[in-house]
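Written out below as structure tokens is the structure these notes cover.
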4 protein chains.
Amino acid sequence: MKILFVGDVVGKVGRRVLKQLLPRVISELGPDFVVVNVENAAGGFGLTAEVWQELASLPVDVFTSGNHIWDKKETASLLDHEPRLLRPANYPEGNPGRGLCVLSSRKNGVPVAVLNLQGLTFMTPMESPFRTADRLLATLGPEVKVIIVDMHAEATSEKQAMGWYLDGRVSLVVGTHTHVPTADERILPQKTAFLTDVGMTGPYESIIGFKPKEVLERFLYATPRALEPATQGGALSGVLVEVNPETGHAESIARVFRREKES
Amino acid sequence: MKILFVGDVVGKVGRRVLKQLLPRVISELGPDFVVVNVENAAGGFGLTAEVWQELASLPVDVFTSGNHIWDKKETASLLDHEPRLLRPANYPEGNPGRGLCVLSSRKNGVPVAVLNLQGLTFMTPMESPFRTADRLLATLGPEVKVIIVDMHAEATSEKQAMGWYLDGRVSLVVGTHTHVPTADERILPQKTAFLTDVGMTGPYESIIGFKPKEVLERFLYATPRALEPATQGGALSGVLVEVNPETGHAESIARVFRREKES
Amino acid sequence: MKILFVGDVVGKVGRRVLKQLLPRVISELGPDFVVVNVENAAGGFGLTAEVWQELASLPVDVFTSGNHIWDKKETASLLDHEPRLLRPANYPEGNPGRGLCVLSSRKNGVPVAVLNLQGLTFMTPMESPFRTADRLLATLGPEVKVIIVDMHAEATSEKQAMGWYLDGRVSLVVGTHTHVPTADERILPQKTAFLTDVGMTGPYESIIGFKPKEVLERFLYATPRALEPATQGGALSGVLVEVNPETGHAESIARVFRREKES
Amino acid sequence: MKILFVGDVVGKVGRRVLKQLLPRVISELGPDFVVVNVENAAGGFGLTAEVWQELASLPVDVFTSGNHIWDKKETASLLDHEPRLLRPANYPEGNPGRGLCVLSSRKNGVPVAVLNLQGLTFMTPMESPFRTADRLLATLGPEVKVIIVDMHAEATSEKQAMGWYLDGRVSLVVGTHTHVPTADERILPQKTAFLTDVGMTGPYESIIGFKPKEVLERFLYATPRALEPATQGGALSGVLVEVNPETGHAESIARVFRREKES
Ligand SMILES: [Fe+2]
Ligand SMILES: [Fe+2]
Ligand SMILES: [Fe+2]
Ligand SMILES: [Fe+2]
Ligand SMILES: [Fe+2]
Ligand SMILES: [Fe+2]
Ligand SMILES: [Fe+2]
Ligand SMILES: [Fe+2]
């Protein structure tokens with residue numbers, strides 16, 4: 001079976017691109033299960049109820065997120081009430097929401113687990129994502145073979161470490177958060193597909209989705225600037241993985257990148 | 001004219017790969033100028049005199065580096081005596097070495113400047129690489145049109161910011177340090193070629209060049225472990241840029257990735 | 001002559017304490033020059049025009065600040081127009097305001113320089129405060145013997161390093177930012193008075209000036225919480241230094257701590 | 001009953017000071033239980049078997065430590081075999097040693113628990129010390145009323161947060177790690193004694209225990225330097241707390257600071 005994972009949707013352009021291109025990519029590639037990271041969907045920072053309505057109607061099975069999911073207060077109740085919307089599982093107990101869900105593919109009925117984790121290097125300290133992964137994977141029944149891990153992290157070393165740590169135990173470890181697709185897709189020795197970062201779905205004529213002006217001013221002046229999502233260069237970035245539904249082993253991995261204009 | 005930039009050479013495997021594949025890549029692609037980042041050439045950490053001898057005889061015009069160039073004390077005198085070996089220019093005054101050099105292409109005589117910078121985000125604080133770039137680019141004569149910038153940095157935002165900051169003022173801004181090639185090569189609006197990270201030249205069956213065991217233990221136990229360079233999956237990762245020698249404008253950019261086996 | 005330096009004024013309680021206790025402390029200790037750090041004066045975060053009006057009428061010669069001075073946009077114009085209000089001098093060129101001023105004591109006419117610096121360790125990267133100090137101290141005329149340095153920094157090592165670096169060149173290096181007074185006041189060998197941190201002027205029944213509830217929730221849940229300035233335990237924390245106006249050498253240093261109730 | 005807690009012993013001078021002054025302080029103040037933090041006892045970095053022999057013979061009940069306890073490999077077996085030697089309890093499972101011990105006072109037989117924790121802010125990510133404290137305090141029998149917590153941390157906010165979090169549940173929360181004694185000793189509302197940092201036992205004519213030269217070079221050049229423990233200004237820094245052994249409530253807290261010369 002085929003799994004499509006789509007990287008961080010950034011702002012209005014990201015949502016427009018997703019709405020336009022996802023149906024075409026789906027009809028072209030025929031995935032049986034679709035996961036999209038939406039931590040930056042509302043103006044680049046988190047999620048609103050309105051934006052969620054927009055996203056929830058798309059042909060997506062599970063939504064993952066990351067550190068920016070906490071940027072807007074109203075997201076808390078979404079996280080509590082929408083079982084298909086995940087936040088990193090290793091945030092401490094007592095926070096809204098959850099970081100693991102199991103859902104059957106609407107196309108072929110195969111149960112698919114999605115686990116959302118967050119790295120610690122250069123990020124907020126919380127439970128080790130390695131320990132969280134051990135703890136949560138142990139809760140899955142033996143019938144769950146197909147397992148997708150969104151490792152939301154800054155450091156390439158920590159994301160690759162998670163790939164090797166879970167090699168043979170999950171179907172895919174895919175990094176998110178840096179908004180830049182990496183070119184190192186591969187199948188690890190024990191048959192886990194891996195990609196360090198899947199990149200973003202949003203305006204690529206930008207600095208990781210934002211207008212260069214304010215980002216540059218932050219670097220030049222070391223004082224605060226509000227960032228604005230960029231408007232040009234919309235593209236969808238994702239990864240397509242073929243997984244054997246009986247074993248959960250990955251059979252192939254390929255990057256997917258579609259520009260708005262090309263669509 | 002064509003510029004070849006090759007990413008961080010990691011350890012013995014990285015040097016072996018470089019020695020074997022660089023001549024073939026050169027004969028295949030015909031670059032007029034070759035730059036290689038060697039911050040991890042000696043066992044993954046810095047440079048020794050012996051390793052330098054090995055590297056200096058290769059068909060490379062300029063060597064750049066990064067934070068790891070300071071890992072071994074003996075490198076200081078190399079930095080002081082080898083004008084073709086750079087370290088990031090924004091390290092404070094009083095350190096050995098330099099971060100900018102201008103050299104004529106041995107093939108076509110065109111002067112080429114190479115500027116090595118280091119990012120600040122999640123890294124050691126020092127002079128702003130943006131300010132350093134302004135300061136040093138201003139020292140170049142008007143005859144120097146072709147300018148290559150190695151932006152050694154962790155954060156994708158800071159590397160892309162440097163691309164936009166120098167757009168139109170240099171021929172190429174290429175990121176190093178994360179050891180993972182990114183898939184976002186492009187020509188920015190003012191004709192500067194850009195790639196967020198060029199990846200490493202070394203053992204890809206690894207965690208950014210090192211054996212998974214000890215890296216994983218670091219993450220799992222949060223206590224020190226000595227890292228060992230990995231041995232498998234050797235590959236050379238670089239980028240080839242075509243530059244108009246009259247204007248310094250980039251005309252094309254393409255990633256270069258060669259596995260040892262394929263060679 | 002005597003210099004009184006008062007630590008970070010935090011919120012409404014900090015301002016109330018300052019207004020009530022500063023006149024008494026002045027009449028009791030008889031300082032010839034008074035400096036107060038006000039980076040947290042407005043609700044714990046920065047400064048407003050209104051709060052500035054309140055502060056500017058107090059018997060204070062120079063106001064220093066730190067990283068929080070940028071929290072409110074309207075502070076920019078205050079920094080540009082109020083020569084007695086400083087921000088750390090090592091913020092990059094192009095920012096509003098200044099970090100050095102020279103003013104004559106209203107009591108004895110002796111010129112006093114105040115230099116505001118910010119540390120880099122665990123803080124925003126910018127120009128090295130050590131280099132900035134060299135650069136700015138060189139601009140002072142030979143008649144300026146009495147020099148006060150507010151080293152706004154997190155790490156004890158960096159603050160003590162500044163003390164040793166400027167020993168013999170300035171009259172006082174006093175740390176701010178951690179909101180906790182340290183008990184290590186001393187005169188360094190070359191006659192510079194030093195204190196790692198002067199502590200805050202504000203509500204001590206708190207976590208560094210804020211109500212425990214939200215700070216604890218930040219630590220427990222690793223997700224955002226708005227902080228509220230605390231209301232209890234108001235105290236003024238400062239340091240009194242005797243300086244020889246002819247040489248600028250410190251002759252004594254003593255902590256000053258006054259609780260609201262005791263006043 | 002009286003508890004004496006002595007701050008980070010740094011290098012040879014720290015050990016000499018401890019050996020000379022601790023017996024005098026004990027005979028003067030008459031503590032019933034003595035705890036000493038020794039993370040920097042061997043040349044400023046960790047512990048050796050030889051240094052441990054020296055320390056173990058002193059009139060100390062329990063030794064605590066911190067991040068530097070891992071600096072020397074041979075310390076691992078000490079941690080595993082010496083029940084009176086603690087390391088922060090929130091280091092991940094699988095590490096040598098332990099972070100909690102209960103021992104009866106040799107003077108009055110009262111059981112005393114010592115819990116060693118480490119902060120996360122600006123430090124290595126690991127289990128939340130707040131959660132670890134909850135988990136481990138729950139393992140103590142009801143007869144254990146007197147509980148001492150060494151909160152080894154960088155940020156004043158995190159240390160004060162731990163004080164408030166454990167207020168009423170332990171007898172003392174004392175910070176270590178910054179090597180600078182703070183002047184904010186107090187009894188929190190629910191009768192827990194608190195001090196943000198107890199300071200170091202070692203050479204105070206220094207930058208947090210080390211010779212200024214190399215520390216300054218690190219700050220000035222942003223490149224590595226080996227640090228050397230300083231030799232002058234030896235002093236012991238600690239805190240004395242009176243605790244009601246029936247309730248575990250603190251009744252008084254006072255800083256203790258003794259210079260070598262004064263002894
Ligand atoms: Fe993102
Ligand atoms: Fe993120
Ligand atoms: Fe590297
Ligand atoms: Fe590097
Ligand atoms: Fe402050
Ligand atoms: Fe501050
Ligand atoms: Fe220490
Ligand atoms: Fe420490």
Side-chain angles (χ1 to χ4, degrees), chain A residues 66-70 87-99 115-139 149-167 169 173 175-178 219 222, chain D residues 66-70 87-99 115-139 149-167 169 173 175-178 219 222:
Chain A
N67 54 313
H68 282 299
I69 199 64
W70 311 105
R87 45 76 173 174
N90 48 333
Y91 272 91
E93 256 189 79
N95 276 302
R98 68 205 62 83
L115 174 58
N116 197 175
L117 297 169
Q118 189 165 302
L120 305 186
T121 305
F122 311 132
M123 300 189 85
T124 307
M126 55 186 70
E127 191 187 28
S128 160
F130 299 92
R131 308 258 169 178
T132 306
D134 285 344
R135 186 165 55 77
L136 291 181
L137 292 178
T139 67
V149 176
D150 175 349
M151 174 65 174
H152 194 78
E154 180 69 40
T156 51
S157 58
E158 195 172 13
K159 295 194 234 190
Q160 295 194 357
M162 188 58 78
W164 286 93
Y165 191 62
L166 298 183
D167 185 21
R169 300 159 66 190
V173 172
T176 58
H177 177 68
T178 72
F219 283 117
Chain D
N67 55 312
H68 282 298
I69 198 65
W70 311 105
R87 45 78 172 171
N90 49 332
Y91 272 91
E93 256 189 81
N95 277 301
R98 68 205 62 82
L115 173 58
N116 197 175
L117 297 170
Q118 189 166 302
L120 305 186
T121 305
F122 311 132
M123 301 189 83
T124 307
M126 56 185 70
E127 191 187 27
S128 159
F130 299 91
R131 307 260 170 178
T132 305
D134 285 343
R135 185 166 55 76
L136 290 181
L137 292 178
T139 67
V149 176
D150 176 349
M151 174 64 174
H152 194 78
E154 180 70 39
T156 51
S157 58
E158 196 173 13
K159 295 195 234 188
Q160 294 193 356
M162 187 59 79
W164 287 93
Y165 191 62
L166 298 183
D167 185 22
R169 300 159 66 190
V173 172
T176 57
H177 177 68
T178 72
F219 282 117

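Each chain gets a letter, A, B and so on, in the order the sequences are listed, and its residues count up from 1. The analysis underlying the following values was restricted to heavy atoms, covering all of them including side chains, and did not include hydrogens, waters or symmetry mates.
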*State, with a plain yes or no, whether a side-chain heavy atom of D/Arg131 is found less than 4.5 Å away from one of A/Glu93.*
yes
*Heavy-atom distances under 4.5 Å only: say whether D/Met126 touches chain A with side chain, backbone, both or neither.*
backbone
*Winner by heavy-atom pair count (cut-off under 4.5 Å) against chain D, out of A/Leu120, A/Thr121, A/Thr124*: A/Leu120
